[in-house]
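In what follows, a single structure is set out as structure tokens and then discussed.
Each chain gets a letter, A, B and so on, in the order its sequence line appears, and its residues count up from 1.
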Protein chains: 2
Amino acid sequence: MSIPLAVLSPADTAACCTPLAAGPLSTEQAEQVAPLLKALADPVRLRLMSLIASHDGGEACVCDLNDAFDLSQPTISHHLKLLHDAGLLDRDKRGVWVYYRARTAALASLGALIGCPPA
Amino acid sequence: MSIPLAVLSPADTAACCTPLAAGPLSTEQAEQVAPLLKALADPVRLRLMSLIASHDGGEACVCDLNDAFDLSQPTISHHLKLLHDAGLLDRDKRGVWVYYRARTAALASLGALIGCPPA
DNA sequence: ACAGGACATCGACATCTGTCAATATAGATG
DNA sequence: CATCTATATTGACAGATGTCGATGTCCTGT
């Protein structure tokens, strides 16, 4: 199933700069956006996202990610699942390895909703 | 005490567009940013921020905010405290009333870190 | 000084979250 | 098939989080 980003992604929000300040969010909108922020709101998951997003080709193998943390393999797998379930990561299994790719469109929409640097 | 936004606010991040993808976040950076996201990662607090940020003069009285939710007054007070402690809201007591103001600079820095719409 | 209203703090509670060790699954290779 | 390796799932547990009712604090009028 695809990720419902309708709240975030319409072209008019691309006009940029704190739609948060553009008008009160509806309860429904808030309840759709909060889970995305919650998925990002953890130091480990933030680092995972930045590691993946900044990796060559915009994707990274789990095997590389495990080594970057002082955490157990199941814990990393758990965080990756949360990010994937939230729609912030795409998953691609190739042979024995699994590659995750950052959904930059989702990140951009989220960032735009929170606030952009004032032109 | 002032809020440490050094991780976010230097002018070079204003260049915009997913610094998340610009390079791996350090553990320290991730641990500084995550609490800000965590403060925002709740439907009630998201609505509070948008209500305050979009209110006349960029500030709102608690008395108005309480009415906008189906929650007890202590609960709203609690959420406001979290946002204030995270550095996303300024607090200003005037007489019997307390006014909260959105820290748009903090929001903009956060938004820029997560991602902006590709130019 | 007193009473009333606006907001914060406290204590309690159920639920959610991050972590691990143990185990399962699935693909590659002998 | 048997085995090894990479990743996911499960079960358990300590600690964090959202909510409330009760109570405290501080300002303003009377």
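Of the inter-residue distances, the one linking A:L20 atom CG with B:M49 atom CE reads 6.5 Å to the nearest 0.5 angstrom. The distance from the CG atom of A:L25 to the CD atom of A:E31 is 10.5 Å, given to the nearest 0.5 Å. With rounding to the nearest 0.5 angstrom, the OH atom of A:Y100 is 7.5 Å from the CG atom of A:L89. Separation of atoms CG (A:D64) and CD1 (A:I52) is listed at 10.5 Å; rounding is to 0.5 Å.
At a threshold of 4.0 angstrom between heavy atoms, the contacts of A:R94 with the nucleic acid are absent.
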Margin query: I'd like to know whether A:W97 forms a side-chain contact (heavy atoms from CB on, under 4.5 Å) with A:V62, so could you lay out the CA-CA distance, the side-chain angles of the two residues, the decisive distance to 0.1 Å, and finally the verdict.
Written below: CA-CA 7 Å; A:W97 294 279; A:V62 176; over 6 Å; no
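Remark: A:C61, A:V62, A:C63 in residues 50-66 of chain A come within less than 4.0 Å of DNA chain D through at least one heavy atom. The stretch residues 95-102 of chain A touches DNA chain D through A:V96, A:W97, A:V98, A:Y100, each having a heavy atom within less than 4.0 Å of the strand.
Residue pairs meeting the salt bridge (charged side-chain N to carboxylate O under 4.0 Å, His left out) criterion with at least one member in residues 54-63 of chain B, sequence neighbours excluded: B:E59-B:R94, B:E59-B:R101.
Not one N or O on the side chain of A:Q32 forms a donor-acceptor pair closer than 3.5 Å with the backbone of A:Q29.
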Scan nucleotides 15-20 of chain C against the protein and return all N/O pairs shorter than 3.5 Å with their distances rounded to 0.1 Å.
{"from": "C:dG18", "atom 1": "OP1", "to": "A:D42", "atom 2": "OD2", "distance (Å)": "3.4"}
{"from": "C:dG18", "atom 1": "OP1", "to": "A:R45", "atom 2": "NH1", "distance (Å)": "3.4"}
{"from": "C:dG18", "atom 1": "OP1", "to": "A:R45", "atom 2": "NH2", "distance (Å)": "3.0"}
{"from": "C:dG18", "atom 1": "OP2", "to": "A:R45", "atom 2": "NH1", "distance (Å)": "3.3"}
{"from": "C:dT19", "atom 1": "OP2", "to": "A:H79", "atom 2": "NE2", "distance (Å)": "2.4"}
{"from": "C:dC20", "atom 1": "OP2", "to": "A:S72", "atom 2": "N", "distance (Å)": "2.9"}
{"from": "C:dC20", "atom 1": "OP2", "to": "A:S72", "atom 2": "OG", "distance (Å)": "2.9"}
{"from": "C:dC20", "atom 1": "OP2", "to": "A:T75", "atom 2": "OG1", "distance (Å)": "2.7"}

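Nucleotides of DNA chain D that come within less than 4.0 Å of any heavy atom of chain B span, from the 5' end to the 3' end, D:dT17 to D:dT28.
For A:L37 against B:L40, the heavy-atom pair with the smallest separation is CD1-O, 3.8 Å. Considering every non-hydrogen atom in both B:H55 and B:A60, the closest pair reads CG-CB, 4.0 Å.
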Please tabulate, for side-chain N and O atoms in residues 73-83 of chain B, each donor-acceptor pair with protein atoms closer than 3.5 Å (sequence neighbours left out).
{"from": "B:T75", "atom 1": "OG1", "to": "B:S72", "atom 2": "OG", "distance (Å)": "2.9"}
{"from": "B:H79", "atom 1": "ND1", "to": "B:R45", "atom 2": "NH1", "distance (Å)": "3.0"}
{"from": "B:K81", "atom 1": "NZ", "to": "B:D85", "atom 2": "OD2", "distance (Å)": "3.4"}

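Mapped onto DNA chain D by nearest heavy atom, B:K93 and A:L80 fall at different nucleotides, with A:L80 at the one closer to the 5' end.
The CG-C1' distance, from B:L89 to C:dA8, rounds to 15 Å in whole Å.
Evaluated for a side-chain contact (heavy atoms from CB on, under 4.5 Å) with B:L48, the options B:L88, B:D42, B:L65 yield exactly one hit, B:L65.
Taking 4.5 Å as the limit, some side-chain heavy atom of A:I114 sits within range of a side-chain heavy atom of B:I114. In this structure the side chain of B:Y99 never reaches within 4.5 angstrom of the side chain of B:R91, judged on heavy atoms.
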